Number of protein chains: 2
Amino acid sequence: MSDTRTQILDAAEKFIRRGGYNDCSFREIATAVGIKSASVHHHFPTKQDLAAAVALRYTENFLVILGQPLSAGATVKDEIARYCALFRSAFVAGGRACLCGILSNEAALLPELVKSEVAAFAQANVTWLGKLFADEEVETARRKARFIYSSMQGAIGASALNQDVRWLDDAAECIFRGVL
Amino acid sequence: MSDTRTQILDAAEKFIRRGGYNDCSFREIATAVGIKSASVHHHFPTKQDLAAAVALRYTENFLVILGQPLSAGATVKDEIARYCALFRSAFVAGGRACLCGILSNEAALLPELVKSEVAAFAQANVTWLGKLFADEEVETARRKARFIYSSMQGAIGASALNQDVRWLDDAAECIFRGVL
DNA sequence: GTCTATAATTTGATAGAC
DNA sequence: GTCTATCAAATTATAGAC
């Protein structure tokens, strides 16, 4: 992978996380990288190719950090804490929400190729979380997995909006201690 | 308020909830209402005027339904259930996420006027929820309020993405029963 | 791989007639 | 209050030289 290609992906991710799919333009990416927009098209022919590549790389990095659930004899609580901490570090790195959470919110206008990459991220997250509750009833496990994932997306979005990591910390705390 | 003005607000809300601020154009609104884009500008001079009016109307309707917390001697559980049900009905009406949740995710590219209306919606929600926990320690109450609000935003976003109300139902269930 | 140049489209916004 | 006509700017994308 050429260095230019990586720089393009970096810039594209930055702009999508700033304002979504439509806030990421070939010209602005080109300026950020120090080339012209026609050169960006050389690496990624269309915008959906570019956005899909950004989402794929984001998902892969995310899953590598997560690893296999409960692999090292960790407890369920340990793993949930680690999961919440991953969203936390995704936020504090640049003060932005989750790439795939942002793209999810504009699914109706995304090209099919991009939408399927975003759906794959959500699916992978829920599958990973579901394995933590493997000893519970299957539908209960799925419910908890869906809840933890969507809660984290809501919390990282609120943290980004208010530029305040407390929203993520509050969510982790309430998931552990309960609300009622 | 003229009927045309209401129709414009209806169309604008529909398009913003479909794909965000940039997916809402004067020309498409005009076509939906049956007039020309220049006539839309007569009612709302700039796009930020229009989007701010949409967000204000959305917030007012939302708060009217919520009413005063615990006013009729309802329990905390009753009120939380009612709060969750309001997000549920906001979804099932059109299969879309919350208007202000969607706009929140692109805060970086919103005009100041729109951003402040969106912030007002979040503030009003958290304030309303906070009153439910008035007998708890103040910081605990705020934490729970922030969590319930951001959880609902995450859940309605996931329900809209997957066109499946289960994500909202799962969130309500887990808020009541806890995860761990 | 990068460039210049440009095509085709869409956008928010305005002027002025009726 | 609505219209026609138009502008200036931005967008994705392509052709072809170097």
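Predicted model, so just to flag it, every value in this text is computed and none were measured. Quick note on labels: first sequence line is chain A, next is B, and so on, each numbered from 1.
Atoms CG (A:Asn22) and P (C:dT10) sit 14 Å apart, rounded to a whole Å. As a whole-Å value, the separation of B:Lys36 NZ from C:dT10 P is 15 Å. Rounding to whole angstrom units, CD of residue A:Gln7 and P of C:dG1 are separated by 13 Å. Taking atom CZ on A:Phe26 and atom P on C:dG1, their separation rounds to 16 Å, with Å as the unit. One atom, CG of B:Asp23, and another, C1' of C:dT11, lie 13 Å apart when rounded to the nearest Å. Taking atom CD1 on B:Ile29 and atom P on C:dT11, their separation rounds to 11 Å, with Å as the unit. Per the geometry, CD belonging to B:Gln48 stands 8 Å off P belonging to C:dA13, to the nearest Å. Protein atom CD1 of A:Ile35 is 12 Å distant from nucleotide atom P of C:dT4, rounded to whole Å.
B:Arg177 contributes atom CZ, which lies 6.5 Å from atom CZ of A:Arg143 (distance to the nearest 0.5 angstrom). Between the CZ atom of A:Arg96 and the CD1 atom of A:Ile156 there is a distance of 12.0 Å, given to the nearest 0.5 Å. In this structure, CG on A:Asn105 lies 9.5 Å from SG on B:Cys98, to the nearest 0.5 angstrom.
Among the protein residues, B:Ser25 comes within range of the sugar-phosphate backbone only, with heavy atoms under 4.0 Å from sugar or phosphate atoms but none that close to a base.
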What protein N or O atoms touch nucleotides 14-18 of chain C N or O atoms at under 3.5 angstrom, if any, and at what distances?
none

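Between the side chains of B:Gln68 and B:Ser71, not a single donor N or O lies within less than 3.5 Å of an accepting N or O. The closest side-chain donor-acceptor pair between A:Gln153 and A:Tyr149 falls under 3.5 angstrom. Side-chain N/O atoms of B:Tyr83 and B:Asn125 include a donor and acceptor closer than 3.5 Å.
Nearest to the side chain of B:Lys47, among D:dG1, C:dG1, C:dG12, sits C:dG12.
Without hydrogens or angle criteria, A:Glu117 side chain to A:Ala52 main chain gives no donor-acceptor distance under 3.5 Å.
Within the structure, every side-chain polar atom (N or O) of B:His42 is placed at least 4.0 Å from both OP1 and OP2 of D:dT2. Checking the phosphate oxygens (OP1, OP2) of C:dT4, no side-chain nitrogen or oxygen of A:Ser39 falls inside 4.0 Å.
Nearer to the 5' terminus of DNA chain D, by closest-nucleotide assignment, is the contact made by B:Arg27 (compared with the other of B:Arg27 and A:Arg27).
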